[in-house]
**Q** 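My structure is below; once you've seen it, I'll send some questions.
Because the structure is a prediction, the values reported are computed rather than measured. Reminder, nothing fancy here: chain letters follow the sequence lines and each chain counts from 1.
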Amino acid sequence: MDPSLMTTTQAVDPVFIFIFAACLVLFIGITLTMIWFVIRYHRSRAPAPTSQSDGNLWLETIWTVLPIVLVMAMFYYGWAGYLSLRNVPPDALPVTATARTWVWSFSYANGRTSPKLYVPVGKPVLVNLVSMDVLHGFYLPAFRVKRDVVPGMKNYAWFVADRPGSYDLFCSVYCGNGHSAMITTVEALPAAEFAAWLQGKGEEATSKEGNEDGAALARAKGCLACHSLDGSRGVGPTFKGLYQSSLTVLAGGKRQTIVADDAYLAESIRLPNARIVEGFQPIMPALPDLKDTEVAALVDFIKGIK
Amino acid sequence: MIMTEPKHHIIGYGSLTKIWLLLLFLTGLTVWVSRQGIGIGHVWGSLAIAATKAGLVIAFFMQMRYEGRLLRWLLFVALLILAIFIGLTFFDLLYR
Amino acid sequence: MSSQPHRDDAGAKLGMWLFLFTELLLFGGLFLLYSAYLARYPHEFAVAGARMHLVFGTLNTVILISSSLLVAMAVTAIQKGERRTVLLLLGGTILCAAVFLFNKYLEWSAEINRGIYPDSPRLNAGPPGESVFYSLYYLTVGLHGLHVLVGGTLLAIVALRVRQGAIHAGNFVLLENGALYWHLVDLVWIFIFPLYYLIL
Amino acid sequence: MSPAAESQPVSSSFWNDTGRTGIFSWIFSTDHKRIGLLYLYTALTFFLIAVVLGVLMRIELMAPGRTIMGAQTYNALFTVHGVMMLFLFIIPGFPGAFGNLVMPIQIGAQDVAFPRLNLFSWWLYIIGAAIIITSLFTGGGPPDTGWTFYVPFSARTGTNVSLAVFGVFIVGFSSILTGLNFVTTIHRLRADGMTWGRLPLFVWSLYATAWVQILATPILGITLVLVIAERLLGTGLFDPARGGDPLMYQHLFWIYSHPAVYIMILPGMGVISDIIPVFSRKPIFGYKMIAFSSLAIAAAGSLVWGHHMFTSGMSDMAILVFSFLTFVVAIPSAIKVFNWVSTLYRGSISLEAPMLFALSFLLLFSIGGLTGLILGAAATDIHVHDTQFVVGHFHYVIFGGGVFAFFAGMHYWLPKFYGRRYAEKPAIVAWVLLFVGFNITYFTMMVLGMKGMPRRYYDYLPEFTALNLASTVGSWIMVSGLLLMLANLFHGLLRGTPVGNNPWEGATLEWSIPSPPPTENFVVEPVVTHGPYDFKGAGIP
Ligand code: HEA
Ligand code: HEA
Ligand code: CUA
Ligand SMILES: [Cu+2]
């Protein structure tokens, strides 16, 4: 990568070191002084106080002014470092990160989408953050980068991976039941490999021309975050044996027993809150971006899980 | 105990009525101003008038004019804090 | 006050003012929100504001201001020892409060008939700024209405104590504090009025 | 509980007050001392419950994956833990308990300015608490939003948020009334000769606290009302789909909640400022600066709320301003710390339990505060925001600061009100356990945060296992410490050796009256002739 470019890590770590060092010095200083006083002037050694002084203008001005200077330095470095997190290099590769409860999905200029964030080594990446429902947080510890993903707001973050590898990507803002499960990885590939991946059709769903692979879709769209395939109860009812099973649902407060046929499944996906399965919260996000073909694919997929 | 009872100042009916008339006039004024189609800019105008009215109510009806220095200071502090809350928030809103 | 050495009117008044400050900041939060959204949707606010019932607004403003005058006079009257005048004035104030609330009732039902209330289909269909404006309007005015109710009740109690002679020229801090509270209700409205009825 | 009152005819003690009998002589009493004790015990109860929740959380985090509970339970746990610790323990507890118990005596008054209002505040607190507790077992179950109730999640989740929030609203109202009561008291009821320059520093800190309670809490009130409206009326004020702005909620919430963190620490700082001089037999160093810095903290503290929103998408300009102001607010705290340390210089220090807690306050609060600087600097906060680092930070300041000061206060002042004292040795053992356990528990959290483990995580990646385990073990050490401390303290207060008027040889007014004090505190109205730390003037050898 071009050496003039400073990674976000290189920008932030010095600030950490500076502030930590300053604080450490202060803290050790204070602690040692305290301990020394306590030992030296312990009642066993100093039966009576040898001073009644209740203040000293000079001392107090000194330890008012020194901290001011010190914290102002901390403030300045903190701000400078922050700016380099905000100023995106011009040639950055744009990627859109879509967060929904509780899954990430990354889409590239050419329409390729992926549950993992693939990036080329050495090339800055500009991540535009989109939330489909509540607040989420885009957090890359390895790159010291974090930005909240706020519905209705255009937030962004940038970073550059200086060596290939796989890095953690967390959701940092509490977003409900699956918050701690809302994690994936950044996969940094050498430029050539990345280019190949970008063109290739991996197992990931590409929503370019409506994808018909229900299984992949269910993973990509986050259904599986709430719906298990093995019959265990998650936030939502399991998909196992759902099709044609009869179940009790609440439609506008009224209880009714219905059979989960294609129509119902489709409806449950399109308008999740139209009919709520008894014993569950009406929290399933509607996914306006789903194409009819995709809904059909999902329904088929669910039917398949016996 | 510290008991410096501030002697009570009785405001005559007459002066109270004058204030009242003044308030009514100002009310009319804001309505009139708002009809002049100066667009959104007149928000400041109406607020200025509202502030004046509030000032009158506080000073005379609430007798702040005859209270000790302490209360005035405290009132000032409270209003200042509110102003600061709103002001600092706009550092976010205006530069987003 | 039970275990208190001797009466401390100045203290009671200080306490009341401190309480008024908290009320001020309570509404302050709503005004903060208002200013924020006004800055974001000046146009929608203007349009929505123009559709408010100016008549009701102005009428209620006059009513509140006059009621403020009446309590203020009551405070004067009690100091002059004119008990009956005090009762009349307080009665007048409470009447104003009642009329004010009645107007609110009329106004709100009018709005609701126009299909304007939080989360109404009409607002959800309309531009975002508009629904924000009306939601704020209902919350602010609703909270204010609640204060009118409380203030009215408070003054009613005060009036009762005056009749019993518990409040008199020698000890009227309760009346004073009741009056202060009522003036606050007036103060808040003085700002609500232009912000919601005169924005255009 | 009937303590002995050595130095006084028993009848004069506030314990055997005439009038109502039984429980009613407490829950309907307007005596500031009884109300203080009511606050103390209710607050401690909530503390212990919340502590148990905390320990449960630690057990869950012992190992990755499901250990003893599901994600939903865990989310409810940290929410309820946070809500109880802040809104039901430390915020009402400190002014409510020690403020009520000692402040009126320290200024030479018979009671607070509005005794009945004082009782009413306690009742509001209880009612609010009851509502919060109810919310845990009714409706959609305990709230799972975190104590910050962030929208839009809090507006959508099916759990019982509305009721819980309403409870917090009530408690906030109680807090306002307490503050109002205290400001009036300090202005109006100071004894003759009790000039502002002679106020004990604890009173100064309460005065600053009270102002924060008065001016900041209403904003929380209205914010919570808005959340309820959002849920019940669908006002959509914070719903982006309908033109709302989620960040406005965050502004409103933190406008209260940052100042609130100073409600949690200022009284603690006051306790420390009273204890250190007494156990060093030396006037506090820089009285004026400490008193003033309390006000400075209260004032500057209302200007920094934005530092909780550095990653939220708030404008960079705002981040510049709030980061700057955040560093400004650190300075008065720094001044206090330096003054406390130099009070020790050339004194005659005795390390009894209150002093040990006070000194450990210095260390723990310093660590907590200094990590606050990491959080205050824009660049570094981005990395550690919403990680376990923040959790570490605020446990150091609240628990290591506020709560340790609370413990110090219990050892220092409760003997005054019971007429008996605890045993010294067990108290010191308990302190060691608490201190050691504390650092193991929370320092590891900071390291975890630096390594990138987010907060409010029910489950975590394997690489974080070792440190989490350590932290959990630490919490167990703390548990034993706390249990030992409480057992020893209260056994001592009920059965321990009687104490005279002035066991610690303090110079403030509360030590000039019998222990336990008579109902009216001062049989003859005192006339103050010396400063709060002028031991010579108080005639102490
Ligand atoms: C008792 C409560 C308390 C106190 C006193 C403080 C004190 C401080 N806090 Fe803390 N804070 C919290 C409770 C508290 N905090 C809580 C509960 C949260 C989390 C909320 C949530 O998200 O759930 C939080 C979160 C929090 C954040 C947001 C973190 C994030 O979410 O990203 C920040 C950021 O600036 C911050 C900063 C500070 C600072 C600068 C101080 C300063 O006041 C510290 C001043 C003290 C010192 C500086 C140390 C003593 C001085 C010396 C040792 C002398 C030498 C010092 C110098 C020379 C400067 N705090
Ligand atoms: C006053 C403030 C206070 C105090 C004292 C504590 C005390 C503790 N806290 Fe607290 N904590 C908060 C305030 C506080 N906390 C807040 C505000 C949050 C944020 C919530 C949120 O994210 O929304 C939080 C979050 C929080 C988390 C992070 C959750 C997450 O982000 O995933 C954790 C994790 O371990 C934790 C642990 C603990 C533990 C183990 C204790 C324990 O105190 C540890 C010490 C234990 C003892 C000292 C004694 C134990 C005693 C007993 C068991 C007594 C027996 C019981 C009876 C007799 C009834 N707390
Ligand atoms: Cu998504 Cu937390
Ligand atoms: Cu803060």
**Q** As an exercise: rank D:D239, D:V225, D:L220, D:L215 by heavy-atom pairs under 4.5 Å with chain C and give me the winner.
**A**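 Of the candidates given, the most pairs with chain C belong to D:L215.
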
**Q** List the steps and the verdict of side chain to side chain contact (heavy atoms under 4.5 Å, CB included) for C:L33 and D:Y249.
**A** CA-CA 9 Å; C:L33 213 50; D:Y249 171 85; over 6 Å; no

**Q** So does D:F166 have more than 12 non-hydrogen atoms from other groups sitting under 6.0 Å from CZ?
**A** no

**Q** Does atom CZ of C:R114 have more than 12 heavy-atom neighbours from other groups under 6.0 Å away?
**A**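 Atom CZ in C:R114 is crowded, with more than 12 foreign heavy atoms closer than 6.0 Å.
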
**Q** Determine the minimum heavy-atom distance between D:L180 and C:L18, stating which atoms define it.
**A**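 Closest heavy-atom pair between D:L180 and C:L18: O-CD1, 3.8 Å.
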
**Q** Taking ring pair (Phe, Tyr, Trp, His ring centres under 6.0 Å) as the test, write out the residues that go with C:H168, two or more places apart.
**A**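 Ring pair (Phe, Tyr, Trp, His ring centres under 6.0 Å) list for C:H168, sorted by chain: empty.
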
**Q** How far apart are the closest heavy atoms of C:L139 and D:A229, and which atoms are they?
**A**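 In terms of heavy atoms, the two residues are closest at CD2-CB, 3.9 Å.
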
**Q** Taking all non-hydrogen atoms of both residues into account, name the closest pair between D:R242 and C:V132 and its distance.
**A** O-CG2, 3.5 Å

**Q** For D:L252 versus C:G29, what's the shortest heavy-atom pair and its separation?
**A**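 Heavy atoms only, the tightest pair is CD2-O, 4.2 Å.
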
**Q** Would you mind checking which part of D:F182 comes under 4.5 Å of any heavy atom in chain C, side chain (CB onward), backbone (N, CA, C, O), both or neither?
**A**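 Contact with chain C involves no heavy atom of D:F182 at all.
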
**Q** So, using side-chain hydrogen bond (donor to acceptor under 3.5 Å, both in side chains) as the criterion, who are the partners of C:T140 when residues are at least two apart?
**A** C:Y196

**Q** Please report the closest heavy-atom contact between C:P128 and D:G243, naming both atoms and the distance.
**A**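 That closest heavy-atom pairing would be CB-CA, 3.4 Å.
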
**Q** Residue by residue, scan residues 145-154 of chain C and write down, ordered by number, those that have a heavy-atom distance under 4.5 Å to chain D; if none do, write 'none'.
**A** none

**Q** With only heavy atoms counted, which part of C:L25 is less than 4.5 Å from chain D, the side chain, the backbone, both or neither?
**A**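 Both backbone and side chain of C:L25 come within 4.5 Å of chain D.
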
**Q** So C:L143 and D:I222, do their side chains get closer than 4.5 Å, heavy atoms only?
**A** yes

**Q** For D:L226, which atoms come within 4.5 Å of any heavy atom of chain C: side chain, backbone, both, or neither?
**A**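 Contact with chain C is through the side chain of D:L226 alone.
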
**Q** For residues C:Y37 and D:L237, report the shortest heavy-atom separation together with the two atoms involved.
**A** OH-O, 2.5 Å

**Q** Just how far is it from atom CE of C:M16 to atom OG1 of D:T184, taken to the nearest 0.5 Å?
**A** 12.0 Å

**Q** Applying ring pair (Phe, Tyr, Trp, His ring centres under 6.0 Å), name anything that partners D:Y256, two or more places apart in sequence or on another chain.
**A** none

**Q** Counting only non-hydrogen atoms closer than 4.5 Å, does D:D245 touch chain C with its backbone (N, CA, C, O), its side chain (CB onward), both, or neither?
**A**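 Contact with chain C involves both backbone and side-chain atoms of D:D245.
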
**Q** Which answer fits C:Y41, side chain, backbone, both or neither, if we ask what part of it has an atom under 4.5 Å from a heavy atom of chain D?
**A** side chain

**Q** State the CG-CG distance between D:L232 and C:D119, to the nearest 0.5 angstrom.
**A** 11.5 Å

